[in-house]
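Lettering follows sequence order; numbering is per chain, from 1. Values below: all heavy atoms of this structure, side chains included; hydrogens, waters and symmetry mates excluded.
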2 protein chains.
Amino acid sequence: MQYQEAKEKFISTWGSLGSLWGINKAMAQIQALLFVSTKPLTTEEIMEELKISRGNTSMNVRQLIDWGIVTKELVPGERKEYFSTEKDVQELARIIAKERSRREIKPVIRTLEEISSIKDDGSENTQELIRQTKALHDLAETADSILEKIVHQKQNWLTKSVLKMFK
Amino acid sequence: MQYQEAKEKFISTWGSLGSLWGINKAMAQIQALLFVSTKPLTTEEIMEELKISRGNTSMNVRQLIDWGIVTKELVPGERKEYFSTEKDVQELARIIAKERSRREIKPVIRTLEEISSIKDDGSENTQELIRQTKALHDLAETADSILEKIVHQKQNWLTKSVLKMFK
DNA sequence: TTAAACTTTCAATATTTTTTGAAAGTTTAA
DNA sequence: TTAAACTTTCAAAAAATATTGAAAGTTTAA
């Protein structure tokens, strides 16, 4: 396997993996492209490499910036915008964990809380609903609090502090 | 909020959350319905509660069985099949973690391994591709090995062993 | 056996999500 | 100012995904 083929394979693998971390294909592919690029890229270059439209590129780069994964680079004397992504995988993982917690886990926790606190009318059905949503709520809270600790951990949390406990 | 409304809210919340753990809406909703039901349900009952077709119900129940989350219950003297889901949230979390690792994380690790081991021709681009896919590969392996430990952990791993370290 | 009761399959259809591209908007150099 | 260079927006189109429903398949009781 040569460079070009390997690069394309990386971009497509990462792209189809987008769903795993909750973003769409183009967004994931743009991130992947920047991740293995040795220099910041322009909208034009991204469009050309990934064969996607200007609008698509613009919207997805904006979303990546929103997530805090991609930053605009200002090249002196250049009019157009250059983009680059966070290159450190640990930092990347931290950002993603934080955003997913904020966007998805926290709202669900709130909903489960609301549901599990309905009035107990004594019926078996109501009691089961309360019991099960409470159990899920507790699990989600615990998982989220672990994620939160990880997010606030300093560099190398994964290999150093966490892995030690499990290995 | 009354029972019926709370139940519907739970099913729809869980359903739209399906993407978080990598399954489709109907599948997640069926699981949610069984999760708060006090007794196993038939295909007919699932269809009626969720207002989905027979085919849809059949296919998604099969997939849930495939995942190991739902089981067929044989009711003596009854011809039709009854379904119920794993009711313990910790066990549920373990099953899901295990399946996602097997279905998604492991294949990606293999691909990253393959890409990161292309021949280094000395060019900057190739070196960056190798370095970055290697870094991702290591992160994915570490995360997966943690997931694996969790999966093999006994009951209550979350609250007992893990939470203690982080709280 | 047979036929009723039930389950599965899958082509067609519907729905949802993503992408396009051209027009509108913005910025900057002169 | 103006106009070229660039970015954003968004309605329409395309692509991907999920759902339906009826026919085919399977199981079981008699």
**OP:** Let me know the distance between CE of B:Met47 and P of C:dC6, rounded to the nearest Å.
**Re:** 13 Å
Original post:
Roughly how many Å is it from CD in A:Gln29 to C1' in D:dA15, rounded to a whole number?
Top reply: 14 Å
Original post:
Between B:Leu33, B:Ile46, B:Thr71, which is the residue that forms a side chain to side chain contact (heavy atoms under 4.5 Å, CB included) with B:Phe83?
Top reply: B:Ile46
I'd like a table of atom pairs between the protein and nucleotides 17-21 of chain C - only N or O on both sides, under 3.5 Å - with the distance next to each one.
unit_1: C:dT19; atom_1: O5'; unit_2: A:Asn56; atom_2: ND2; d: 3.3
unit_1: C:dT20; atom_1: OP2; unit_2: A:Ser53; atom_2: N; d: 2.7
unit_1: C:dT20; atom_1: OP2; unit_2: A:Ser53; atom_2: OG; d: 3.1
unit_1: C:dT20; atom_1: OP2; unit_2: A:Asn56; atom_2: ND2; d: 3.1

**OP:** Determine, for B:Glu148 against B:Lys98, whether the closest basic-nitrogen to carboxylate-oxygen distance falls under 4.0 angstrom.
**Re:** no
Original post:
Do B:Asp144 and B:Ser101 meet the criterion of a side-chain donor-acceptor pair at a distance under 3.5 Å?
Top reply: yes
Original post:
Does a side-chain N-to-carboxylate-O contact under 4.0 Å join B:Lys7 and B:Glu49?
Top reply: yes
**OP:** Only stems of 3 or more consecutive Watson-Crick or G-U pairs count here, both distances under 3.5 Å; name the ones for DNA chain D, or none.
**Re:** C:1-30 with D:1-30
Original post:
Which parts of nucleotides 24-30 of chain D does protein reach within less than 4.0 Å, heavy atoms only, written one letter per nucleotide 5' to 3' as B for base, S for sugar-phosphate only and - for none?
Top reply: ---BB--
Subject >> Exceeds 12 heavy-atom contacts within 6.0 angstrom, atom CD of A:Gln2 >> reply: no
Original post:
Less than 4.0 Å between a side-chain N and a carboxylate O, is that true for A:Arg62 and A:Glu81?
Top reply: yes
Original post:
Can you tell me how far P of C:dT7 sits from CD of B:Glu44, to the nearest Å?
Top reply: 8 Å
**OP:** Report the distance from atom CG of B:Leu50 to atom P of D:dA18, rounded to the nearest whole Å.
**Re:** 16 Å
Original post:
Could you give the CG-to-P distance, from B:Leu64 to C:dT7, as a whole number of Å?
Top reply: 16 Å
**OP:** Starting from the C-alpha separation in whole Å, work towards a yes-or-no answer on side-chain hydrogen bond (donor to acceptor under 3.5 Å, both in side chains) for A:Trp14 and A:Gln31.
**Re:** CA-CA 9 Å; A:Trp14 209 236; A:Gln31 201 277 327; 3.1 Å; yes
Subject >> Salt bridge A:Lys80-A:Glu45, side-chain N to carboxylate O under 4.0 Å >> reply: no
Subject >> Note: A:Lys106-A:Glu141 ion pair, threshold 4.0 Å (strictly below) >> reply: no
**OP:** Compute whether any side-chain donor of one residue and acceptor of the other, for B:Asp121 and B:Ser123, lie under 3.5 angstrom apart.
**Re:** yes
Original post:
With the threshold set at 4.0 Å, does a side-chain nitrogen-carboxylate oxygen contact exist between A:Arg131 and A:Glu128?
Top reply: yes
Original post:
Taking atom P of D:dC6 as reference, at what distance in whole Å does atom CG of A:Leu74 sit?
Top reply: 14 Å
